[in-house]
2 protein chains.
Amino acid sequence: MAGQRTRRRIPEATVARLPVYLRILSEQFDIDVTKISSEELADLAGVNAAKVRKDLSYLGSYGTRGVGYEVEFLVYQIRRELGLTHDWPVVIVGSGNMGQALAGYNGFGDRGFTVGGIVDIDDAKVGTVVGGVRVRHVSELTRVVAAQNISIGVIATPGIAAQDAADALVAAGVTSILNFAPTVINVPHGISVGKVDLAVELQILAYHEQRRINAAKGSSLVSVPGESRRGASA
Amino acid sequence: MAGQRTRRRIPEATVARLPVYLRILSEQFDIDVTKISSEELADLAGVNAAKVRKDLSYLGSYGTRGVGYEVEFLVYQIRRELGLTHDWPVVIVGSGNMGQALAGYNGFGDRGFTVGGIVDIDDAKVGTVVGGVRVRHVSELTRVVAAQNISIGVIATPGIAAQDAADALVAAGVTSILNFAPTVINVPHGISVGKVDLAVELQILAYHEQRRINAAKGSSLVSVPGESRRGASA
DNA sequence: GAACGTTTGTGCACGGTTTCACAAGACGTC
DNA sequence: GACGTCTTGTGAAACCGTGCACAAACGTTC
Ligand SMILES: NC(=O)c1ccc[n+]([C@@H]2O[C@H](COP(=O)([O-])OP(=O)(O)OC[C@H]3O[C@@H](n4cnc5c(N)ncnc54)[C@H](O)[C@@H]3O)[C@@H](O)[C@H]2O)c1
Ligand SMILES: NC(=O)c1ccc[n+]([C@@H]2O[C@H](COP(=O)([O-])OP(=O)(O)OC[C@H]3O[C@@H](n4cnc5c(N)ncnc54)[C@H](O)[C@@H]3O)[C@@H](O)[C@H]2O)c1
């Protein structure tokens with residue numbers, strides 16, 4: 001029962017939702033909610049109840065029929081599955097607007113991530129302190145990564161330097177990268193890459209706006225069909 | 001031929017990739033590349049060539065067999081489909097670290113989005129100028145939105161205020177929202193919502209790290225299986 | 001301890017997405 | 001203008017994710 005051996009592979013779509021459940025469950029725990037049904041959790045997460053149950057079933061059979069899930073236990077299980085039972089130090093490459101905002105962001109360390117280091121290529125930035133951490137030169141990246149056993153890197157350099165940053169991170173031993181630059185980066189097989197691209201998100205929204213306009217033009221008296229996306233509901 | 005009538009619905013997965021193609025094609029155009037094959041574009045975008053062709057086929061038959069696609073024409077077609085033939089003014093709610101970084105971000109207006117306004121609830125912030133725009137009080141949101149005919153809003157408030165911000169944006173007439181706060185927001189049907197959640201992205205990476213560690217523990221001499229995600233290649 | 005209401009866990013069908021594989025079409029060459 | 005090479009555009013198959021529907025299990029009440 002304790003420590004299951006057969007590591008089920010959890011679908012990527014589920015992995016992407018677990019952090020959302022985790023945040024909600026943590027909030028509920030903080031306001032002394034001890035039990036929660038898939039229906040309630042689904043409402044709070046803006047998804048379907050069956051989806052919640054299926055997602056949670058990948059962790060194991062941790063609910064009680066007729067009752068629901070114990071919030072605290074579920075928090076623990078999700079944290080365990082996501083590898084959040086210990087803190088993850090993160091190294092930020094690029095100490096510009098974005099890098100500084102990230103380093104100074106409280107919600108960052110809030111849930112298990114700490115800023116283990118910041119590096120920049122600009123000597124003017126090196127030595128400055130952001131978010132309580134001193135900026136080091138990018139040439140020290142390997143040392144910074146090794147010293148704190150860092151496995152996650154964040155790229156906050158201009159797009160043109162993103163591939164260099166990725167190469168440097170990989171060379172330093174980092175195995176997961178979160179890329180804020182609007183550039184596709186190439187990494188060796190076995191390295192995980194996540195990206196956050198503001199322009200892409202805005203352009204997706206622009207597309208939907210555009211469609212609304214076109215639909216309205218087509219038949220000027222029909223109300224817009226409407227299109228709800230991720231995170232939206234009723 | 002000009003202005004097709006039957007507005008095909010483009011799959012959401014394709015819509016999310018078009019901005020990436022667009023950026024790459026624009027870059028290629030800037031360095032005087034006039035023609036490109038699905039294979040080349042696929043390499044640059046880090047995806048499968050068949051996927052590129054299928055994606056582009058939703059726009060129409062704009063390639064030439066045996067030759068490829070004309071870069072400039074494709075740029076125009078994608079821009080048209082995404083509704084980027086004109087600029088979109090955006091209103092930012094919350095002028096903290098994030099809101100200021102966004103307002104001051106060049107790559108923002110770079111591709112068709114301009115900061116049409118910034119509002120905050122804090123009187124200390126009101127009146128300050130960020131990114132060349134004066135911060136107004138949130139009570140003026142409706143006026144700001146109406147004055148510039150804004151349809152896209154960005155939420156950069158703390159999570160606790162995100163729902164209020166969303167409500168205010170919807171009441172002001174905004175129909176698309178990009179949410180940076182780590183909170184699920186509820187909006188009426190017909191409003192599009194996109195989200196950027198740093199913590200979720202990091203937790204997904206932590207999960208993969210965790211799996212690597214578990215896999216290595218399971219059989220200490222076998223090399224890690226590795227898991228490449230969005231935007232990764234080779 | 002049986003009956004009842006509640007909620008989980010999951011089989012199954014469906015729809016969307018990805019990838020393969022190949023016919024159709026364009027261009028260049030002789 | 002016939003042939004060879006190249007690349008698109010797209011059926012069709014495989015895969016993944018979603019949501020319904022319901023049996024199984026739990027707690028409560030009488
Ligand atoms: N500012 C925003 O709101 C925002 C939003 C979305 C995306 N982004 C993206 O985030 C990235 C950073 O944006 P920013 O506004 O912070 O830019 P910035 O110019 O303020 O900062 C970039 C920093 O990276 C450093 N740098 C450059 N090359 C480097 C290298 N090879 N190694 C290490 N450091 C290097 C620079 O010295 C600079 O300090 C950009 O790619 C941008 O497109 C920014
Ligand atoms: N800073 C980061 O790097 C970062 C990264 C990812 C996500 N985020 C998220 O972005 C959001 C903003 O982060 P931040 O670091 O800028 O926080 P911040 O505290 O620096 O800024 C928040 C701003 O919102 C304003 N505000 C509060 N309630 C408001 C309301 N009802 N209407 C209008 N304005 C209101 C505040 O006055 C403040 O100026 C947060 O939800 C945070 O979780 C921040």
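These numbers were taken from a predicted model, which means no experiment stands behind them. Letters go in sequence order (proteins before strands), and every chain restarts at 1.
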Margin query: Side-chain N or O of A:Asn48 versus OP1/OP2 of D:dG17: is the shortest distance under 4.0 Å?
Written below: no
Check: If you take atom types as modelled and just measure distance, does the side chain of A:Lys54 reach the base of C:dT10 with a donor-acceptor pair under 3.5 Å?
Finding: no
Note to self: We want to know whether A:Ser176 and B:Arg212 form a side-chain donor-acceptor pair, criterion being a heavy-atom distance below 3.5 angstrom.
What the structure shows: yes
Margin query: If the test is side-chain contact (heavy atoms from CB on, under 4.5 Å), which one of B:Leu41, B:Val75, B:Val71 qualifies with B:Ile24?
Written below: B:Leu41
Item checked: Nearest-nucleotide pick for A:Arg17, side chain only, options being C:dC27, D:dT18, D:dA24 -> D:dT18
Check: Quick one: is B:Ser38 getting a side-chain N or O under 4.0 Å of the D:dT8 phosphate, OP1 or OP2?
Finding: yes
Margin query: Could you tell me how far apart B:Glu39 (CD) and C:dC20 (P) are, to the nearest whole angstrom?
Written below: 11 Å
Check: Could you state the OH-P distance from A:Tyr62 to C:dT10, rounded to the nearest angstrom?
Finding: 12 Å
Note to self: Looking at B:Glu72, I'd like to know if its CD atom is crowded, meaning that more than 12 non-hydrogen atoms belonging to other residues, nucleotides or ligands lie closer than 6.0 Å.
What the structure shows: no
Next item on the list: Provide, to the nearest angstrom, the distance between the CD atom belonging to B:Glu40 and the P atom belonging to D:dC6.
Entry: 14 Å
Next item on the list: Could you tell me the separation between the CD1 atom of A:Ile10 and the P atom of D:dG17, rounded to a whole number of Å?
Entry: 12 Å
Check: Does CD in A:Glu209 sit with more than 12 non-hydrogen atoms of other residues, nucleotides or ligands closer than 6.0 Å?
Finding: yes
Next item on the list: For A:Asp55 and for B:Ser37, find the nucleotide of DNA chain D with the closest heavy atom, then tell me which residue's nucleotide is more 5'.
Entry: B:Ser37
Item checked: Proximity to the side chain of A:Arg53 - top-ranked nucleotide from D:dG9, D:dA23, C:dT10 -> C:dT10
Next item on the list: Select base, sugar-phosphate, or nothing to describe what A:Ala13 touches, counting heavy atoms under 4.0 Å on all strands.
Entry: sugar-phosphate
Notebook entry, point to check: CD/A:Glu40 to CD/A:Gln28 distance, rounded to the nearest 0.5 angstrom?
Noted result: 8.0 Å
Next item on the list: Give the rounded distance in Å between these two atoms: OH of A:Tyr58 and P of C:dT10.
Entry: 10 Å
Notebook entry, point to check: What nucleotide among D:dA23, C:dA26, D:dC20 has an atom nearest to a side-chain atom of B:Thr64?
Noted result: C:dA26
Next item on the list: May I have the distance from B:Leu56 (atom CG) to D:dT10 (atom P), rounded to whole angstrom?
Entry: 12 Å
Next item on the list: Report yes if at least one side-chain N or O of B:Tyr69 is closer than 4.0 Å to OP1 or OP2 of C:dA26; otherwise report no.
Entry: no
Next item on the list: Take the protein atom CZ of A:Arg9 and the nucleotide atom C1' of D:dC16, then report the distance between them rounded to whole Å.
Entry: 11 Å
Note to self: Does A:Lys51 contact D:dG17 through a side-chain donor or acceptor facing the base, at a distance under 3.5 Å?
What the structure shows: no
Checklist line | Whole angstrom value for the distance that separates C1' of D:dT8 from CD of B:Gln77 | finding: 16 Å
